[in-house]
Amino acid sequence: MIKYTLGQDMIFIILALIAALGLLSKHTITAISFFTISLLFVIFEHKIYDYVKSA
């Protein structure tokens, strides 16, 4: 299990909130891009955790 720090949690929350605000204001491209960035951030953190765990 990955232990996220407060900073990592805040980055994910900020990216997800920007995506939600983009949907509310009907900016589809902005919402999709920030949602994709937030998912890539989580995937990146998982890969870093696996790499450090295997070292």
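Sequence positions, counted from 1, serve as the residue numbers for this chain.
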Exercise. Check which hydrophobic residues are tied to Leu24 through side-chain heavy-atom contacts below 4.5 Å, counting indirect links as well, and list them.
Key: Leu21
Practice problem: May I ask you to list the residues sharing a hydrophobic cluster with Leu17, side-chain cutoff 4.5 Å, ordered by chain and number? | Solution: Ile13
Exercise. Applying side-chain contact (heavy atoms from CB on, under 4.5 Å), name anything that partners Ile48, two or more places apart in sequence or on another chain.
Key: Phe44, Val52
Practice problem: Report the residues that fulfil side-chain contact (heavy atoms from CB on, under 4.5 Å) with Ile11, sequence neighbours left out, ordered by chain and then residue number. | Solution: Leu15, Phe41
Atom pairs and distances, donor-acceptor, side-chain atoms in residues 33-40, under 3.5 Å, two or more places apart:
{"residue": "Ser33", "atom": "OG", "partner": "Ile29", "partner atom": "O", "Å": "3.0"}
{"residue": "Ser33", "atom": "OG", "partner": "Thr30", "partner atom": "O", "Å": "2.9"}
{"residue": "Thr36", "atom": "OG1", "partner": "Ile32", "partner atom": "O", "Å": "2.7"}
{"residue": "Ser38", "atom": "OG", "partner": "Phe34", "partner atom": "O", "Å": "3.4"}
{"residue": "Ser38", "atom": "OG", "partner": "Phe35", "partner atom": "O", "Å": "2.7"}

Quiz prompt | Smallest separation among heavy atoms of Gly22 and Ala31, with atom names | solution = C-CB, 3.9 Å
